[in-house]
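Notes follow the structure.
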Amino acid sequence: MSIFVTISSFIIPGIMLFIVIYGVAKKRNVYDDFVEGATGGLKTVIKVMPTLIGLMVAVGVLRESGFMEFLGQQVGKVTDQIGFPGELMPVTIVKIFSSSAATGMVLDIFKSYGPDSYLGKVTSLMMSCTETVFYTMSVYYLTAKVTKTRWTLPGALLATLAGTIASVMLANVI
């Protein structure tokens with residue numbers, strides 16, 4: 001096992017060294033290229049920041065208002081019958097917007113029910129099988145200046161539904 005730890009300790013520095021050596025071999029000014037790339041990255045962060053702040057504030061307001069728990073209870077009356085616990089509905093909805101906010105909710109579920117409970121297993125699988133749809137779309141489409149998203153949102157929501165269904169099915173097997 002210690003060989004893997006040793007190898008993994010050298011992977012990132014090795015990649016960085018390879019990039020520098022490759023750049024020097026191609027007669028590039030590696031430092032100037034790095035600074036130019038970092039400047040472009042910072043500009044991207046500044047462009048995307050208002051959208052990210054808006055998403056985080058909206059999710060925080062919904063979570064703290066108690067609306068998500070209310071929604072979970074109401075929808076849970078239907079979803080409990082098909083095997084999806086209503087307690088997980090708020091996590092499912094919040095995950096579509098913000099992974100970090102959903103992680104906080106997952107920790108609450110772990111504290112209440114335990115990580116090895118059925119709810120804990122479904123939640124863990126669901127967090128791995130779904131994506132933060134709106135966050136990802138806003139970051140990538142704002143950066144690339146894409147205005148016609150076509151089927152991205154319906155496709156991403158369908159993939160989230162498939163990941164959620166797979167999570168429930170896998171948790172029943174485990």
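As the structure is a computational prediction, the values presented were derived from the model and not from experiment. Start at 1 with the first residue, then count along the sequence.
Nearest approach of Ile46 to Pro50, heavy atoms of both residues: O-CD, 3.5 Å. Considering all non-hydrogen atoms of both residues, Tyr118 and Ala171 come closest at CE1-CB, 3.8 Å. Across all non-hydrogen atoms, the minimal contact from Thr136 to Glu131 is OG1-OE2, 3.3 Å. Of all the heavy atoms in Ala156 and Val133, the pair that sits closest is CB-CG1, 3.6 Å.
Taking the side chain as every heavy atom from C-beta outward, Met16 and Val20 never approach each other to under 4.5 Å. Looking only at side-chain heavy atoms (C-beta outward), Phe34 and Asn29 stay at 4.5 Å or farther from each other. Side chains of Leu153 and Phe134 form a contact here, defined as non-hydrogen atoms less than 4.5 Å apart. Between Ser99 and Met127 there is a side-chain heavy-atom pair separated by less than 4.5 Å.
Counting non-hydrogen atoms of other residues, nucleotides and ligands closer than 6.0 Å to CD of Gln74 gives a total above 12.
Separation of atoms CD1 (Ile96) and OG1 (Thr164) is listed at 7.5 Å; rounding is to 0.5 Å. Rounding to the nearest 0.5 Å gives a distance of 12.5 Å between CH2 of Trp151 and CG of Leu157. The distance from atom OG of Ser167 to atom CG of Asn172, rounded to the nearest 0.5 Å, is 11.0 Å. Considering CD of Glu69 and CE of Met105, their distance stands at 5.5 Å, rounded to 0.5 Å. Taking CG of Leu17 as the start and OH of Tyr22 as the end, the distance is 15.0 Å to the nearest 0.5 Å. Atom CE of Met89 and atom CD of Gln73 lie 12.5 Å apart (nearest 0.5 Å).
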Please table the atom pairs, donor to acceptor, closer than 3.5 Å between any side-chain atom in residues 119-126 and protein atoms at least two apart or in another chain.
| unit_1 | atom_1 | unit_2 | atom_2 | d |
| --- | --- | --- | --- | --- |
| Thr123 | OG1 | Leu119 | O | 2.6 |
| Ser124 | OG | Gly120 | O | 2.9 |

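Within the 3.5 Å criterion, the main-chain N or O of Thr152 finds no donor-acceptor partner in the side chain of Thr149. Within the 3.5 Å criterion, the main-chain N or O of Ile109 finds no donor-acceptor partner in the side chain of Ser112.
When hydrophobic side chains of Ile, Leu, Val, Met, Phe, Trp and Tyr are connected at separations under 4.5 Å, Phe10 ends up as a singleton with no cluster partners.
Tracing side-chain contacts under 4.5 Å through hydrophobic residues (I, L, V, M, F, W, Y), one reaches Leu107 starting from Ile93; they form part of the same cluster.
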